[in-house]
Amino acid sequence: MEIWELSGKQLHQRFTLGSVTATAIAEAFLDRIDKLEPSIGAFTEVLRKTSLQSARDLDARRLAGKTLGRLAAVPVAIKDLLHVANCKTTCGSNALKDYLAPFDATVIKHLKAEDAILIGKTNLDAFGMGSLTQNSDVKATLNPWSSSHSPGGSSGGSAAAVAARMCPIALGSDTGGSIRQPASYCGIFGLKPSYGRVSRYGMVAYASSLDQIGPMVHSAEDLPLIFEIISQACEKDSTYFAGAPKKYEQKSIANVRIGHFPELTLELDEPSRENFAQNLECCRKEGANLVEVNLKMLRYALATYYIIACAEASTNLARFDAVRYGTRVGEKATSELMSKHSRSCTLGPEVQRRILMGAFVLSAGHKRAFYDKAQRVRTQIATCLKDALATCDVIAMPTTPSTAQALNTHLDPLQEYLLDVFTTPSNLAGLPALNIPAGFSDSGLPYGFQLIADQDRDESLIAIGGHLVQGFERKQRTLSCPKL
Amino acid sequence: MSHFDLNTLRQLSQLACLECTDVQLEATKVDLEKILTLFEQLQELETKAVPPFHSSREGTLIELRDDLPSDPFGVQSLLGNAPKRLGNMICTPLIQSRDL
């Protein structure tokens with residue numbers, strides 16, 4: 001087995017046992033990136049020099065018998081809207097093309113404290129606004145399973161890097177599905193934690209009441225540890241909530257109550273509906289109890305999400321005025337003209353569209369009909385999910401309406417928003433949700449299967465997901481790496 | 001009924017601090033109208049008696065850290081990203097035109 005095929009846990013074990021050096025691990029992944037990056041475009045920056053230096057330091061420390069962190073020698077890629085001190089944070093936008101992060105995000109501090117090797121920054125739709133990773137000003141990212149398909153978005157770089165085994169673990173962020181949707185398209189695990197469980201200090205905000213940072217991995221065995229590490233305390237994010245210490249107690253899925261709402265699958269294309277039904281049946285055969293729940297309110301989730309997300313984006317992105325942040329373009333007579341000109345030149349079309357829609361739903365005369373209304377409907381959606389979760393342990397639903405989008409199919413903005421139909425509800429309610437790889441289509445593209453749990457039941461969700469995927473693997477093609 | 005006539009779009013671009021020509025605004029209009037049809041779905045719902053969403057952790061006490069002065073990054077590190085600077089200051093064009 002090649003080094004780059006191993007999970008983070010396996011890499012760490014081999015390193016601590018002395019069967020492979022951290023330098024050999026870093027070099028193996030950097031070689032893999034050299035080979036594949038030109039055809040996939042997953043990274044905005046490969047941190048070659050610093051990752052090799054970290055690896056050499058780790059080798060020296062291991063030989064000296066010093067204590068090593070729980071991620072020692074494990075390469076981790078970072079979505080390029082998280083600050084890594086002294087590295088660029090471009091957010092995939094020309095507005096921040098030269099921005100150098102002055103500090104580490106809290107999640108990065110936690111990774112460094114556990115001796116992870118930060119291998120690179122990954123591509124994204126600018127500021128996390130998009131579902132295909134084609135809205136990046138840096139480059140477009142392609143799906144490792146098919147170069148004519150999107151990897152999903154906005155964490156498409158992280159998903160593609162993990163799926164192509166350019167790293168075993170990556171961090172993404174999820175505002176309306178930006179971890180789970182690309183994880184589904186690329187056939188990997190992607191976790192959006194409960195709102196507040198992972199600190200967002202050092203993450204460039206898109207929609208603050210919805211954003212969450214989470215892990216993306218190809219092996220389920222890496223999820224518990226990476227989540228435990230990134231969900232450690234932070235005193236700089238007032239929305240951070242540690243809660244009581246949790247354990248991964250779930251031993252199997254026998255008698256786990258899985259809620260499902262058959263009406264939801266009407267949104268799917270035929271092969272995806274069949275795949276979802278097969279996987280649900282697989283859950284039943286593995287011993288889970290299937291429970292029908294009423295999720296009728298979820299048909300309003302997409303509209304609610306986009307009203308709130310655009311409103312928050314329009315205020316969050318006001319800071320990119322080429323005075324406080326942002327790239328300044330040209331000389332203008334006044335600050336206002338300079339800001340307008342610079343913003344228009346450096347913010348991409350999708351970002352501008354969302355800012356305009358946000359300004360509209362917050363403007364006098366429309367705020368009550370749209371923004372205020374959406375906040376009330378959000379309460380109803382959160383209540384609907386909470387009521388459903390009172391009768392089951394997790395809710396199962398597809399992650400996406402179909403497999404990965406073909407890049408030669410033009411989607412207008414609304415059609416692209418519709419790709420988030422199954423992922424936005426958990427963001428609105430602040431609930432944890434996990435994409436599990438769930439087989440392949442006839443054309444060889446991955447399917448995803450989504451589980452949603454109650455607030456702060458992240459550990460149970462991870463454990464149930466880990467057991468479920470074993471059942472899926474027994475029934476379908478074994479999870480594997482794309483042939484590259 | 002169209003919500004986005006040219007005047008509304010000009011006003012929105014002003015609110016959004018974006019410099020858009022009328023041609024660009026007209027081109028955006030089609031997409032914005034489509035997105036608005038999605039938003040209008042919510043009008044089907046009666047929500048007068050429903051409180052607006054506040055937090056998914058309603059009732060949770062947020063503990064704030066002690067408010068102690070510190071200099072975590074240093075002036076030079078923070079100014080390093082300023083689009084244009086003069087010494088330790090960030091430069092901007094005039095706030096208002098001299099013509100006013």
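Across A:Tyr325, A:Tyr306, A:Tyr240, the residue that shares the most heavy-atom pairs under 4.5 angstrom with chain B is A:Tyr306. When each of B:Leu18, B:Thr8, B:Leu9, B:Leu12 is scored by its heavy-atom pairs under 4.5 Å with chain A, the top score falls to B:Leu18. For the set A:Ser209, A:Ala322, A:Ser314, the entry with the most heavy-atom pairs within less than 4.5 Å of chain B is A:Ala322. Most heavy-atom pairs under 4.5 Å with chain A, from the set B:Lys84, B:Arg57, B:Lys34: that is B:Arg57.
Only the backbone of A:Asp98 comes within contact range of chain B, judged by heavy atoms closer than 4.5 Å. With a 4.5 Å cut-off on non-hydrogen atoms, A:Ser238 touches chain B through its backbone and its side chain both.
Among pairs with a residue in residues 16-35 of chain B, none fulfils ring-ring contact (aromatic ring centres under 6.0 Å, His included), at least two apart in sequence or across chains.
Ion pairing between a basic and an acidic side chain is recognised when a charged N comes within 4.0 Å of a carboxylate O; B:Glu33 and B:Lys29 show no such pairing. At a threshold of 4.0 Å, the pair B:Arg10-B:Asp22 counts as salt-bridged, since one of the basic side-chain nitrogens sits closer than that to a carboxylate oxygen.
Interface with chain B: from residues 412-431 of chain A, residues A:Asp412, A:Pro413, A:Leu414, A:Tyr417, A:Leu428, A:Ala429, A:Gly430 qualify, criterion being any non-hydrogen pair under 4.5 Å. Applying a 4.5 Å heavy-atom cutoff, the residues of residues 371-387 of chain A that approach chain B are A:Lys373, A:Ala374, A:Gln375, A:Arg376, A:Val377, A:Arg378, A:Thr379, A:Gln380, A:Ala382.
In terms of the side chain to side chain contact (heavy atoms under 4.5 Å, CB included) criterion, residue partners of A:Ala453 (sequence neighbours excluded) are, by chain and number, A:Val394, A:Pro432, A:Arg457, A:Leu461.
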